S.K.: 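Encoded as structure tokens, here's the structure I'll be asking about.
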There are 2 protein chains.
Amino acid sequence: MYSIGQLSKATGVKVPTIRYYEQVGVLASAGRTDGNQRRYDQDGVERLGFIKHARDLGFSIEAITALIDLQQHPDRSCADASAIAKHQLADVQEKLRRLSALEAELIRISDGCDGDGVSGQCYVLASLADHKHCRTDH
Amino acid sequence: MYSIGQLSKATGVKVPTIRYYEQVGVLASAGRTDGNQRRYDQDGVERLGFIKHARDLGFSIEAITALIDLQQHPDRSCADASAIAKHQLADVQEKLRRLSALEAELIRISDGCDGDGVSGQCYVLASLADHKHCRTDH
DNA sequence: CTTGAACCTCTAGTGACTAGAGGTTGTAGA
DNA sequence: TCTACAACCTCTAGTCACTAGAGGTTCAAG
Ligand SMILES: [Zn+2]
Ligand SMILES: [Zn+2]
Ligand SMILES: [Zn+2]
Ligand SMILES: [Zn+2]
């Protein structure tokens, strides 16, 4: 049996975050001692490990809740799991596209100013003031 | 003179967002009619355009506030503007690095499941349950 | 002068936590 | 067995950049 602090150390998830996960329902409520403190078993460690790993990969709490639900029913179709993963991938790829465009503009903007001028002539400020300086949409 | 709705159309920033920008101090308070409605001049359009463009490039409100402050003093050094832009670039590049790692893992995970199996054997769920399947840190 | 779209302020909600106040419990050492 | 104190508990509020809604007022066209 683990206390919440021991679970925290075992998984790398902070104590208040564990309580938050319980509050929003992605982590099942733990058993309690007579004094009302949470106690976790190995199952709890694995459940929280799953949540942490999925969060690290960018899945939303809502998506993770659905995935854990699926995991509790090993005989159900995994179509939803597949869809959630593909959706998450598409999401990440969209963010990558947007960030790449931003990176290109920011490199141009950064390169245009050494910081040794005066703000009236600053390329950073001029570029932000007018999108026409930009090479891409964004 | 523009009403807040006309300013919204001119810049593509939603009306409640404009009020929010004023509230947090990044957009200077507008003049008012006798009936207390906001009125903007060309200067206001440019100020908000600057904010929108910087937000589109991912700058924080705090950073934009500093940049606008600098823009109001054309004779000051632009060292801060340069530093803010470089910081933002570094930020974006860090996000790109992280997202690229996530993309690689998510492609692997997605490719490992067609959604036509059962969740007890699902590669998506197995991969989320155990980071050992992963090729990268993340 | 009437109508109604657009405006006003204020509060609360979003996601995924994080911080702090104020009080209680578990446990190791004396 | 007692005591000290780290770790636990709940609850509220704050973060960021908005967004939604309630309930009331103003502007401008017809
Ligand atoms: Zn400069
Ligand atoms: Zn641009
Ligand atoms: Zn599957
Ligand atoms: Zn992993």
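What you see is a predicted model; the values in this text were computed from it and never measured. Each chain gets a letter, A, B and so on, in the order its sequence line appears, and its residues count up from 1.
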S.K.: Could you list by number each residue of residues 13-29 of chain B showing a heavy-atom separation from DNA chain D of less than 4.0 Å, or answer none if no residue does?
M.R.: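 Here the set is B:Lys14, B:Thr17, B:Tyr20, B:Tyr21.
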S.K.: Are any protein N/O atoms closer than 3.5 Å to N/O atoms in nucleotides 1-6 of chain D? If there are, list each pair with its distance.
M.R.:
none

S.K.: For DNA chain C, which nucleotides open and close the run of contacts to chain A, 5' to 3', at under 4.0 angstrom from a non-hydrogen atom?
M.R.: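 For DNA chain C, the relevant span reads C:dA16 to C:dG26.
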S.K.: Look only at the side chain of A:Ser119 and the backbone of B:Leu70, and say whether a donor-acceptor pair between them is shorter than 3.5 Å.
M.R.: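 Here the side-chain-to-backbone pair exists.
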S.K.: Distances under 3.5 Å only, N/O to N/O: pair up the protein atoms with those of nucleotides 26-30 of chain D.
M.R.:
from: D:dC27; atom 1: OP1; to: B:Thr33; atom 2: OG1; distance (Å): 2.8
from: D:dC27; atom 1: OP1; to: B:Gly35; atom 2: N; distance (Å): 3.1

S.K.: Using side-chain contact (heavy atoms from CB on, under 4.5 Å), reason through A:Leu106 and B:Phe59 one step at a time and then give a plain yes or no.
M.R.: CA-CA 10 Å; A:Leu106 287 167; B:Phe59 289 86; 3.8 Å; yes
S.K.: Looking only at heavy atoms, which two atoms of A:Gly115 and B:Ser82 are closest? And how far apart?
M.R.: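 That closest heavy-atom pairing would be CA-CB, 3.6 Å.
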S.K.: Atom CD of B:Gln93 and atom OG of A:Ser100: how far apart are they, to the nearest 0.5 Å?
M.R.: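 Reported to 0.5 Å precision, the distance equals 10.5 Å.
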S.K.: With rounding to the nearest 0.5 Å, note down the distance linking CD in B:Glu105 to CG in B:Leu128.
M.R.: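 Reported value, rounded in 0.5 Å steps: 10.5 Å.
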S.K.: Could you grab the distance from atom CZ of A:Arg38 to atom OG of A:Ser3, nearest 0.5 Å is fine?
M.R.: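 It comes to 11.5 Å.
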S.K.: Quick one: do B:Ile109 and A:Leu57 satisfy side-chain contact (heavy atoms from CB on, under 4.5 Å)? Show the steps, please.
M.R.: CA-CA 11 Å; B:Ile109 290 171; A:Leu57 286 163; 4.1 Å; yes
S.K.: Would you please test A:Arg98 and A:Asp137 for salt bridge (charged side-chain N to carboxylate O under 4.0 Å, His left out) and show each step?
M.R.: CA-CA 9 Å; A:Arg98 290 205 57 247; A:Asp137 286 348; over 6 Å; no
S.K.: Are any of the side-chain nitrogens in B:Lys86 or B:Asp91 under 4.0 Å away from the carboxylate oxygens of its partner?
M.R.: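 A salt bridge is absent here (no side-chain N lies under 4.0 Å from a carboxylate O).
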S.K.: Do other residues, nucleotides or ligands put more than 12 heavy atoms under 6.0 Å from the CD atom of B:Gln72?
M.R.: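 Counting neighbours around CD of B:Gln72, more than 12 heavy atoms of other residues, nucleotides or ligands fall under 6.0 Å, so yes.
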S.K.: When you look at A:Tyr40 and A:Leu48, which way does the side-chain contact (heavy atoms from CB on, under 4.5 Å) test go after all the steps?
M.R.: CA-CA 10 Å; A:Tyr40 300 89; A:Leu48 184 55; over 6 Å; no
S.K.: Which of residues 2-10 of chain B have a heavy atom under 4.0 Å from DNA chain C?
M.R.: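 Going residue by residue through residues 2-10 of chain B, the ones with a heavy atom under 4.0 Å of DNA chain C turn out to be B:Ser3, B:Ile4, B:Gly5.
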S.K.: Flag the pair A:Glu22 and A:Arg19 as a salt bridge only when some basic side-chain nitrogen lies within less than 4.0 angstrom of an acidic carboxylate oxygen.
M.R.: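 A salt bridge is absent here (no side-chain N lies under 4.0 Å from a carboxylate O).
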S.K.: Considering non-hydrogen atoms only, spot the tightest contact between B:Ala129 and A:Gln71 and give its length.
M.R.: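 Scanning both residues completely, I find the closest heavy atoms to be CB-NE2, 4.0 Å.
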S.K.: Taking all heavy atoms of B:Val124 and all of B:Cys113, pick out the closest pair and write down the distance.
M.R.: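 Smallest heavy-atom distance, with atoms named: CG2-CB, 3.7 Å.
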S.K.: Could you tell me how the ring of A:His53 sits relative to the ring of B:His138: parallel (under 30°), tilted (30 to 60°) or perpendicular (over 60°)?
M.R.: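 The rings of A:His53 and B:His138 sit tilted, inter-plane angle from 30° to 60°.
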S.K.: Test side-chain contact (heavy atoms from CB on, under 4.5 Å) on A:Leu89 and B:Glu103; report intermediate values, then the result.
M.R.: CA-CA 6 Å; A:Leu89 172 58; B:Glu103 187 195 22; 4.0 Å; yes
S.K.: Counting only side-chain nitrogens and oxygens, does A:Arg32 get under 4.0 Å of the OP1 or OP2 atom of D:dC8?
M.R.: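 Result: no.
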S.K.: Mind running a 4.0 Å heavy-atom check of residues 59-70 of chain B against DNA chain D and sending the residues that fall below it, in number order?
M.R.: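 By residue number: B:Ser60, B:Ile61.
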S.K.: Among B:Arg39, B:Gln42, B:Lys9, whose side-chain hydrogen bond (donor to acceptor under 3.5 Å, both in side chains) with B:Tyr2 holds?
M.R.: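 Of the listed residues B:Arg39, B:Gln42, B:Lys9, the side-chain hydrogen bond (donor to acceptor under 3.5 Å, both in side chains) partner of B:Tyr2 is B:Gln42.
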